[in-house]
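Structure record follows, encoded as structure tokens.
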Amino acid sequence: MTEEKPELSYEQARDELTDVVRRLEAGGLTLEESLTLWQRGEKLAGICEEWLEGARARLAAAMAERAEPTTEPAESAPF
């Protein structure tokens, strides 16, 4: 199973999620509109979480790589 890249960037998903939350908090929507927005918000939150998990994994890999001791023998200075 291949992992697909989210269709939105982290920033796009975050900004749209912020708008969804703002609209839900403002009220004045029908039940159906509220449910539709809530579902979109859940999807956007999932996309943000995917991006964040990917970033955490990349950071952990980079830190692990940096922490590994070098296996190359030290070069001796020529005399």
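Note that these values count all heavy atoms, side chains included, but never hydrogens, waters or copies made by symmetry.
Taking every heavy atom of both residues into account, W51 and Y10 meet most closely at NE1-N, 3.5 Å. Residues I47 and A13 come closest through the heavy atom pair CG2-CB, 3.7 Å. The minimum heavy-atom distance linking S34 with L24 is given by the pair O-CD2, 3.7 Å.
Clustering ILVMFWY residues whenever any of their side-chain heavy atoms sit less than 4.5 angstrom apart, transitively, puts W38 in a cluster other than the one holding L29.
In this view, E33 and T30 satisfy the side-chain hydrogen bond (donor to acceptor under 3.5 Å, both in side chains) rule, not counting sequence neighbours.
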Do any side-chain atoms of residues 56-66 form donor-acceptor pairs under 3.5 angstrom with protein atoms, and if so which ones, sequence neighbours left out?
{"unit_1": "R56", "atom_1": "NH1", "unit_2": "E49", "atom_2": "OE2", "d": "3.4"}
{"unit_1": "R56", "atom_1": "NH1", "unit_2": "E53", "atom_2": "OE2", "d": "2.6"}

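Dense packing is recorded around CZ of R40, with more than 12 heavy atoms of other residues, nucleotides or ligands lying under 6.0 Å away.
How far CD of E50 is from CG of L8: 10.5 Å, rounded to the nearest 0.5 Å.
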>> Checking K43 against E16 for the salt bridge (Lys or Arg N to Asp or Glu O under 4.0 Å) test, could you report, in this order, the C-alpha distance in whole Å, the side-chain angles of both residues, the deciding distance, and whether it holds?
In response: CA-CA 11 Å; K43 181 170 178 60; E16 188 178 341; over 6 Å; no
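When each of L17, D15, V21, D19 is paired with L44, the side-chain contact (heavy atoms from CB on, under 4.5 Å) condition holds for L17 and for no other.
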